[in-house]
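First the structure, in the form of structure tokens, and then the observations on it.
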Amino acid sequence: MTVVRFSNHSSTIFELKGSAVDEDAVWRAIDEERARLADMLESLDDSQWRTPSLCRDWTVRDVAAHLTLAHTGPLSATISLVRAGGGFNRMIRDTAIRQARLPVEEYPRRLRAMVGSRRTAPFLTALEPLIDILCHTQDIARPIGRSHPMPAAAAVAAANHIWARSFPFRARRRLRGFELSATDAPWRAGAGVRVEGPIAALLLVVSGRPAGLRDVTGPGVPRLADTFPPHGSGIVA
């Protein structure tokens with residue numbers, strides 16, 4: 001089996017063996033990205049905290065609050081799900097809005113407190129918090145005009161995981177008829193009309209975020225725009 005070993009701007013090195021990824025590398029990437037985001041959050045002013053994020057109905061503050069809930073335990077998750085009437089997206093939305101009542105200074109502090117921990121919310125692998133921190137950091141950074149480069153190797157691992165699973169993004173079904181190809185990393189998925197661009201943009205696309213469209217090219221781009229909801233991303237996972 002071919003092993004592809006590559007690195008990026010961060011210190012993390014991933015070893016990809018087919019679709020398998022070294023879990024230690026995944027956690028190192030999560031730690032690095034949580035610390036980077038904490039640094040950015042500490043520099044935000046009041047208007048930036050109130051800015052609408054790439055997630056529909058969430059401000060930058062709501063997204064930051066959501067990311068600090070990654071260590072939610074089974075009991076708290078069950079209670080929140082019951083309060084939300086059993087709806088997964090409603091539970092995610094409501095818990096973030098409640099968490100957003102905290103002082104903004106709490107969000108970078110709590111993100112840094114997670115660094116070094118391998119705890120996840122119930123039923124999740126290490127790849128879900130990786131997807132969360134990569135995508136939600138862009139949900140925060142892009143609307144406030146911040147450039148926040150995404151580590152390519154980590155984005156490949158995240159995109160592979162999303163593509164291999166139907167829930168919650170349903171990427172393979174939604175993007176049937178497209179071939180997605182990264183121009184800066186060894187990643188390709190799907191078959192059909194071609195869309196290509198940086199892996200960071202393609203990760204946004206497969207996770208249901210139309211903001212990724214501005215960074216991709218190819219004959220499939222006009223059709224690709226029709227695969228997104230008319231009012232932007234409704235995905236909060």
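Everything quoted here is computed from the prediction, not taken from an experiment. Computation of the quantities below employed the complete heavy-atom set of this structure, encompassing side-chain atoms and omitting hydrogens, waters and symmetry-equivalent molecules.
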For this session: Over all heavy atoms of both residues, which pair between A64 and W49 is shortest? Give the atoms and the distance, please.
Result: CB-CZ3, 3.8 Å
Problem set entry | Under 3.5 Å: donor-acceptor pair, side chain of D215, backbone of P198 | no
Exercise. Mind checking whether E128 and T120 have side chains closer than 4.5 Å, heavy atoms only?
Worked result: no
Exercise. Within 45 degrees of the axis of the six-membered ring of F178 and under 6.0 Å from its centre: does R223 put its NZ or CZ there?
Worked result: yes
Seminar exercise, completed: On a heavy-atom basis, the closest approach of L54 and A211 is CD1-CB, 3.7 Å
For this session: Enter the distance from L102:CG to R109:CZ here, rounded to the nearest 0.5 Å.
Result: 9.0 Å
Exercise. What are the two closest non-hydrogen atoms of A201 and V216, and how far apart are they?
Worked result: CB-CG1, 3.9 Å
Exercise. If every non-hydrogen atom of L202 is compared with every non-hydrogen atom of G197, which pair is closest and at what distance?
Worked result: CD1-O, 3.7 Å
For this session: Determine, using the 4.5 Å side-chain heavy-atom cutoff (strictly less than), whether I144 and L204 are members of one ILVMFWY cluster.
Result: no
Exercise. Given S181 and R194, is the side chain to side chain donor-acceptor pair (under 3.5 Å) satisfied, shown in steps?
Worked result: CA-CA 8 Å; S181 180; R194 188 173 181 84; 3.2 Å; yes
Seminar exercise, completed: In terms of heavy-atom contacts, P149 and R36 come closest through O-NH1, 3.0 Å
Problem set entry | Residue among E105, E106, E42 satisfying salt bridge (charged side-chain N to carboxylate O under 4.0 Å, His left out) with R112 | E42
Exercise. Say you draw a straight line from CG of L127 to CG of L130; how long is it, rounded to the nearest 0.5 Å?
Worked result: 6.0 Å
Exercise. From E23 CD over to I30 CD1, what is the distance, rounded to the nearest 0.5 angstrom?
Worked result: 8.5 Å
Problem set entry | L180-F169 co-clustered via ILVMFWY side chain contacts under 4.5 Å | yes
For this session: Check the pair L44, R146 against side-chain contact (heavy atoms from CB on, under 4.5 Å), reporting the backbone distance first and the verdict last.
Result: CA-CA 10 Å; L44 302 189; R146 295 291 184 93; 3.8 Å; yes
Exercise. Are R172 and V206 close enough that some pair of their side-chain heavy atoms sits under 4.5 Å apart?
Worked result: no
Problem set entry | Validation row: L203, C135 side chains within 4.5 angstrom (heavy atoms) | yes
For this session: For the residue pair W58 and H136, categorise the inter-ring angle as parallel (less than 30°), tilted (30 to 60°) or perpendicular (more than 60°).
Result: tilted
Exercise. Quick one: does Q138's side chain have a donor or acceptor within less than 3.5 Å of a partner on H148's backbone?
Worked result: yes
For this session: Could you walk me through whether L175 and W163 pass side-chain contact (heavy atoms from CB on, under 4.5 Å), step by step?
Result: CA-CA 10 Å; L175 300 172; W163 195 260; 3.9 Å; yes
Exercise. Transitively linked via ILVMFWY side-chain contacts under 4.5 Å: L111 with L69?
Worked result: no
Exercise. Any side-chain heavy atom of D39 sitting closer than 4.5 Å to one from P108?
Worked result: no
For this session: With salt bridge (charged side-chain N to carboxylate O under 4.0 Å, His left out) as the test, would you mind laying out the steps for D24 and R118 before giving the verdict?
Result: CA-CA 10 Å; D24 288 338; R118 295 195 171 191; 2.5 Å; yes
Exercise. Is the shortest distance from a Lys or Arg side-chain nitrogen in R28 or E33 to a carboxylate oxygen in the other one below 4.0 Å?
Worked result: no
Seminar exercise, completed: When every non-hydrogen atom of A65 is compared with those of A96, the smallest separation belongs to CB-O, 3.6 Å
For this session: Check whether any side-chain heavy atom of Q99 sits under 4.5 Å from a side-chain heavy atom of T68, and report yes or no.
Result: yes
Exercise. Got a salt bridge between D226 and R174, using NZ or NE/NH1/NH2 to carboxylate O under 4.0 Å?
Worked result: no
Problem set entry | Check against side-chain contact (heavy atoms from CB on, under 4.5 Å), D62 and R93 | CA-CA 9 Å; D62 295 329; R93 182 198 64 196; over 6 Å; no
Exercise. Is it true that D45 and R50 make a salt bridge, defined as a side-chain N closer than 4.0 Å to a carboxylate O?
Worked result: no
Exercise. Taking H66 as the fixed residue, which of D132, D139, T95 is the one that meets the side-chain hydrogen bond (donor to acceptor under 3.5 Å, both in side chains) rule?
Worked result: D132
For this session: Tell me, with the steps shown, if Y107 and L67 meet side-chain contact (heavy atoms from CB on, under 4.5 Å).
Result: CA-CA 8 Å; Y107 306 124; L67 286 169; over 6 Å; no
Exercise. In Å, rounded to the nearest 0.5 Å, how long is the span from CE of M150 to CD1 of I133?
Worked result: 10.5 Å
Exercise. Side chains of Q48 and T51: do they bring a donor and an acceptor to under 3.5 Å?
Worked result: no
Exercise. Is any side-chain heavy atom of V26 less than 4.5 Å from a side-chain heavy atom of T125?
Worked result: no
Exercise. Regarding R209 and S207, is there a side-chain donor-to-acceptor distance under 3.5 Å anywhere?
Worked result: yes
Problem set entry | R34 bridged to E32 by N-O distance under 4.0 Å | no
Exercise. Given the rule that I, L, V, M, F, W and Y join up when any side-chain heavy atoms are under 4.5 Å apart, are L134 and V205 in one cluster?
Worked result: yes
